[in-house]
Every structure is written in C-alpha cells, then in structure tokens.
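Here, residue 1 is the first one in the sequence, and each next residue gets the next number. Keep in mind it's a predicted model, so treat the numbers as computed, not measured.
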Amino acid sequence: MMNILVTGGAGFIGKHLVKSLMKNKKNVSILDNFSNSDKKLISLFKKDQIKIFEGDIRDNDDILEATKNQNIVIHLAAKISVEESIKNPTETFQINVEGTKNLLEICKKNNVEKIIVASSAAVYGEGSEKYKITEQTKLNPISPYGESKIEMEKEIIKFCSDNQINYVILRFFNIYGLGQSIEYAGVITKFLEKIRKNENLEIFGDGMQTRDFVAIEDIINSIHNAIEYTENGIFNIASGEKITIKSLAQLMILLSNKKLNIEYLKSKKGDIKYSETDIRLAKNHLNYFSKIELKDGIKKLI
Ligand code: NAD
C-alpha cells in the first residue's frame, strides 16, 4: 500500500485531500503545526486510519519523523496570507521557502520518491484582458507571498532534479469550497457569509475585475492525477473560465433567493484586475478536467 504524508494536512485543502486519499485506500499521515487549523477537527478522522504528526516544517526533527517510510509527500503547509506576507515577509519566506528546503533535504534522507507541491496563481501577478495565463506566462508577483512561492518552486526543481526525486508543482487559482477559514477566505466564502447574515455583498472597486474560481473537489482530483503522473511538471490548476466579481455577486444573490444588494467600496491596493487561465497543459498531461461548474458549486454551498 502506498504511504503518503500530507504537510499542512489539517488545513482547508488538506482535510478534503486526506478524506479522499483514505477513500482511495492510501496510508495517510499528516504533519501540521496547527497554526492555521484546528487539531480537534482533524482528530475526528479515525486514529487507526491516519497518523498525525504535530510539528513544524521549520524543524528538521519533526520532519525526519514524519517522512519515514513515506513514498509520496504532498506539500501543502505554508503561510497563506498575502496581507501578513506584506507585514512580515521574513516569516512567510521562512515557512514557504526555508521550510520547503528542510523538507526536501529530509525527503532525500528518507528516500521519498516523489513530492507534489501546492504553488499559487500569485506567482503570475496581474493578468491581461488579451490573453489567458499559461505556464509560460512571465512570473510577476505583486506580493511577498507570490515571491515566496516562486522561490519555493525554484528550490524544488533544482533539488529534485539533482537528487532524482519526482516532482509535480500545481499552481492553484482561486479555490472555493466547504471549510475555508473565514479569516483567509476567498470572496465566495465571504459572500456566503454575508448572504447567511442577510447583509449586502461588498465589492472592492467596480466589480469588473475577473477571477478564475475552481471547486475544491477539482483541486483534489488534480492532486490524485498528480499522484498517478510519472513525469515531472508544473501545471495551472483552475476552471479555465473567468467571471467578473460583479457577475459572481449577482449570481450568488440570485441563487440565494434573497433580496440583497451590492455595495461598491474603494478598490484595494494590490488587487489584481484580470485573471483568466489556460489549463490545457494539465488537461493534456495530467488528464485534469474541471468538472464542477461555478453555478453548481455555489448552489451546493448555499
Ligand atoms: P490552510 O492555511 O488552510 O492550510 C495550511 C496548513 O498548513 C494549516 O493547517 C497550517 O496549520 C499548516 N502550517 C502552516 N505553517 C506550518 C508550518 N510551519 N509547519 C507545519 N504546518 C504548517 O491553507 P490552504 O488553503 O489549505 O492552502 C494549502 C496550500 O495551497 C498552501 O500552500 C497554499 O499556499 C496553497 N494555495 C491555496 C489556495 C487557496 O485558494 N486556498 C490557492 C493557491 C494556493
């Protein structure tokens, strides 16, 4: 049976992933310091089915223990807040870059065969009205968070190539789904919260900014496909469809059947205007298809 360690396994993506890996009869362990997740929630998983290592990717001893006898490491642990990365870039780099370097060194020591890593659309920064973002699009991050993900990718590519470890880097776009922590939640989760409280939806700017939203279920499928994939690569993982934030708000109000309005606030500094994604590479190589349409995904959440 395949042994898989999920770093950051107690987080938003991690919990969904662990559940589905267990369904697929994998031996699952997680390594998490619970800095952005709840230990109690993950302990709801049956103890005999999942091994929990409480530890930090900045601590070599913690990683050494957790990576023993693992075939694959799925690396989700990260400092994910863009705003905090601006306030304290050092911490973001320590976790996202140095933490990943530690993890790589020790994966090598413990003969881990493959690493699958969560990167982010933040590596691209601003998109364009004229083209879709492909993996070849110039990287141009506008936050320390995005910069840290680029550094992380570079470390992975270099280390894994030098040491014959397989790697798949997945650049996730805007993910939505159950269990996203409100604090760092994306706009869909924030709108849902407003709808639940019967409050108007707030948009920063004119609402004409576009985003590519992808359901957590599609993200989980992409990770399963990455497990099966036998080569190395970097892939955009998104829905491939763009929507303006204004249309999103209108759609969500419509689906909620409530009489709510949209309020427009001053646009936020550092917010990107265009994001539209080309996912052909993941289709052709990973056999990844985005199966959940935004309307259906949101209906389910409402
Ligand atoms: P999350 O914060 O819910 O999960 C991350 C987990 O890592 C948390 O449980 C946290 O406690 C843990 N963690 C943080 N620092 C750690 C450390 N030093 N040592 C050990 N564990 C630590 O975030 P998420 O949304 O599940 O994101 C998972 C990954 O996907 C991250 O790498 C993130 O950058 C990437 N990503 C997420 C999105 C999104 O929309 N959610 C989009 C693009 C990329």
Give a yes or no answer on whether the side chain of [X] reaches the backbone of [Y] with a donor-acceptor pair at less than 3.5 Å.
{"X": "Asn3", "Y": "Asn69", "result": "yes"}
{"X": "Gln209", "Y": "Gly207", "result": "yes"}
{"X": "Thr210", "Y": "Ser275", "result": "yes"}
{"X": "Glu54", "Y": "Lys39", "result": "no"}
{"X": "Ser161", "Y": "Ile157", "result": "yes"}
{"X": "Lys51", "Y": "Leu31", "result": "no"}
{"X": "Glu126", "Y": "Tyr274", "result": "yes"}

Ionic contact status for [Y] with [X], cut-off 4.0 Å:
{"X": "Lys283", "Y": "Asp278", "value": "no"}
{"X": "Glu98", "Y": "Lys101", "value": "yes"}
{"X": "Glu84", "Y": "Lys79", "value": "yes"}

Kindly give the cluster partners of [X], where membership spreads through any ILVMFWY side chain lying under 4.5 Å from a current member.
{"X": "Tyr145", "result": "Val82, Ile86"}
{"X": "Phe93", "result": "Val97"}
{"X": "Ile142", "result": "Ile272"}

Is there a donor-acceptor contact under 3.5 Å linking the side chains of [X] and [Y]?
{"X": "Asp212", "Y": "Ser239", "value": "yes"}
{"X": "Lys194", "Y": "Asn200", "value": "no"}
{"X": "Ser29", "Y": "Gln70", "value": "yes"}
{"X": "Glu153", "Y": "Ser119", "value": "yes"}
{"X": "Arg171", "Y": "Tyr124", "value": "yes"}

Check this for me: [X], atom [atom1], are more than 12 non-hydrogen atoms of other residues, nucleotides or ligands nearer than 6.0 Å?
{"X": "Lys273", "atom1": "NZ", "answer": "yes"}
{"X": "Arg280", "atom1": "CZ", "answer": "no"}
{"X": "Glu241", "atom1": "CD", "answer": "no"}

**Request:** Output all residues satisfying ring pair (Phe, Tyr, Trp, His ring centres under 6.0 Å) with Phe172, sequence neighbours left out; order by chain, then residue number.
**Result:**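 For Phe172, no residue satisfies ring pair (Phe, Tyr, Trp, His ring centres under 6.0 Å) once neighbours in sequence are set aside.
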**Partners passing ring pair (Phe, Tyr, Trp, His ring centres under 6.0 Å) against Phe12 (at least two apart in sequence or in another chain)** = His16
Can you tell me how far apart [atom1] ([X]) and [atom2] ([Y]) are? Round to the nearest 0.5 Å.
{"X": "Leu192", "Y": "Leu201", "atom1": "CG", "atom2": "CG", "answer": "9.5 Å"}
{"X": "Leu17", "Y": "Leu76", "atom1": "CG", "atom2": "CG", "answer": "6.0 Å"}
{"X": "Arg196", "Y": "Ser256", "atom1": "CZ", "atom2": "OG", "answer": "13.5 Å"}
{"X": "Lys26", "Y": "Leu21", "atom1": "NZ", "atom2": "CG", "answer": "7.0 Å"}
{"X": "Ile133", "Y": "Leu139", "atom1": "CD1", "atom2": "CG", "answer": "10.0 Å"}
{"X": "Asp59", "Y": "Leu64", "atom1": "CG", "atom2": "CG", "answer": "10.0 Å"}

Pairs of donor and acceptor atoms involving the side chains of residues 287-302, under 3.5 Å and at least two apart or interchain, shall be tabulated with distances.
residue: Tyr288; atom: OH; partner: Ala238; partner atom: O; Å: 2.5
residue: Ser290; atom: OG; partner: Asp218; partner atom: OD2; Å: 3.0
residue: Lys300; atom: NZ; partner: Glu217; partner atom: OE2; Å: 3.1

Nearest non-hydrogen partners of [X] and [Y], listed with the distance:
{"X": "Asp32", "Y": "Gly9", "value": "OD2-N, 3.4 Å"}
{"X": "Gln180", "Y": "Ile175", "value": "NE2-O, 3.3 Å"}
{"X": "Ile165", "Y": "Glu113", "value": "CG2-O, 3.7 Å"}
{"X": "Asn24", "Y": "Ser20", "value": "ND2-O, 2.8 Å"}
{"X": "Asp62", "Y": "Asp56", "value": "OD2-N, 2.8 Å"}
{"X": "Ile234", "Y": "Glu135", "value": "O-CG, 3.5 Å"}

**Asked** When you look at Asn110 and Lys68, which way does the side-chain hydrogen bond (donor to acceptor under 3.5 Å, both in side chains) test go after all the steps?
**Response** CA-CA 6 Å; Asn110 275 331; Lys68 249 176 216 151; 6.0 Å; no
Would you say [Y] ends up clustered with [X] if hydrophobic residues are merged whenever their side chains have heavy atoms under 4.5 Å apart, either directly or through other cluster members?
{"X": "Val117", "Y": "Val18", "result": "no"}
{"X": "Ile227", "Y": "Met22", "result": "yes"}
{"X": "Ile116", "Y": "Met152", "result": "no"}
{"X": "Phe159", "Y": "Leu5", "result": "yes"}

**Message:** Please evaluate residues Lys154 and Glu151 with respect to the criterion salt bridge (Lys or Arg N to Asp or Glu O under 4.0 Å), reporting the C-alpha separation (whole Å), side-chain torsions for both, the decisive distance (0.1 Å), and the verdict.
**Reply:** CA-CA 5 Å; Lys154 282 190 195 149; Glu151 283 307 305; 3.5 Å; yes
**Request:** Go through the steps for Glu276 and Tyr131 under the test side chain to side chain contact (heavy atoms under 4.5 Å, CB included), then give the verdict.
**Result:** CA-CA 8 Å; Glu276 188 177 7; Tyr131 59 82; over 6 Å; no
**Asked** What class does the angle between the rings of Phe235 and His285 fall in, given that below 30° is parallel, 30 to 60° is tilted and above 60° is perpendicular?
**Response** tilted
**Item:** Residue from Asn232, Asn166, Leu104 passing side-chain contact (heavy atoms from CB on, under 4.5 Å) with Cys160
**Value:** Leu104
**Message:** If the test is side-chain contact (heavy atoms from CB on, under 4.5 Å), which one of Val168, Val73, Asn71 qualifies with Lys114?
**Reply:** Val168
Taking the side chain as every heavy atom from C-beta outward, state whether [X] and [Y] have any pair of such atoms under 4.5 Å apart.
{"X": "Ile216", "Y": "Ile13", "value": "yes"}
{"X": "Leu286", "Y": "Leu170", "value": "yes"}
{"X": "Phe191", "Y": "Ile203", "value": "yes"}

